[in-house]
Structures are given as C-alpha cells and as structure tokens.
Amino acid sequence: YPNPFNPSTTIIFHLPEESNVYINIYDLQGRPIETLVNKKMDAGYHSLAWRASNISSGLYFIRMIADDYMKTQKVLLLK
C-alpha cells in the first residue's frame, strides 16, 4: 500500500515458518528492475519499502517467492 503510489510503497507479508525469501520487481516486459529481498527470513510479519524515485511511471509487478509459495502483485507508479 498505497497502490497507486509515488514514490514509495510498503510491502507487508507474513511467513508461517522460516523461509528463503526472494522479492523482485519486474517491468511489463518481464525484465527484472530491482531485487528487494534475497535471504532467509524468520517466521512472522514483515514489511519493507520500495522507493522508486529513480524509476519511470508505469505498471510493475512485485513477485515474492518463499520456498514453495509464489505470489505476484501489480503496482502502479504515478509521478
């Protein structure tokens, strides 16, 4: 949240158990823009901010992979 955002958004997620977590940002063509997380994380609630002040306006995808779980969410950056 928020979505749409300018220039930062907060990503909140819950891990039921300790997991290897990867959170990446992709553009509409599927090209990786930025890696936000690439590490083992403890169980519980987590939040992190994506500051996109140096990225152009547009639609982006946030993909989270935690062990066998994967979720993708669309976000809109408006400047």
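Side chains are part of it too, since the values below use all heavy atoms of this structure and drop only hydrogens, waters and symmetry mates.
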Seminar exercise, completed: Of all heavy-atom pairs linking A66 and S19, the shortest is CB-CB, 4.2 Å

For this session: Can you see which heavy atom on D67 is nearest to which on E18, and at what distance?
Result: OD2-O, 3.8 Å

For this session: Could you list the residues that satisfy side-chain contact (heavy atoms from CB on, under 4.5 Å) with P4, not counting sequence neighbours?
Result: L76, L78

Problem set entry | S57: partners by side-chain contact (heavy atoms from CB on, under 4.5 Å), with sequence neighbours left out | K79

Exercise. Should F61 and Q73 count as side-chain neighbours, where that means a heavy-atom distance under 4.5 Å?
Worked result: no

Exercise. Side chains of K74 and L59: closer than 4.5 Å at any heavy-atom pair?
Worked result: yes

Exercise. According to the salt bridge (charged side-chain N to carboxylate O under 4.0 Å, His left out) rule, which pairs have a member within residues 45-54, sequence neighbours left out?
Worked result: none

Problem set entry | Pair listing, salt bridge (charged side-chain N to carboxylate O under 4.0 Å, His left out) test, anchored in residues 24-33, at least two apart | D27-R31

Exercise. Using a side-chain heavy atom cutoff under 4.5 Å and only I, L, V, M, F, W and Y, what cluster partners does I65 have?
Worked result: Y22, M70

Exercise. Transitive ILVMFWY cluster of W50 at side-chain heavy atoms under 4.5 Å: who else is in it?
Worked result: F5, I11, F13, L15, V21, I23, I25, I33, L36, V37, M41, L48, I55, Y60, I62, M64, V75, L77

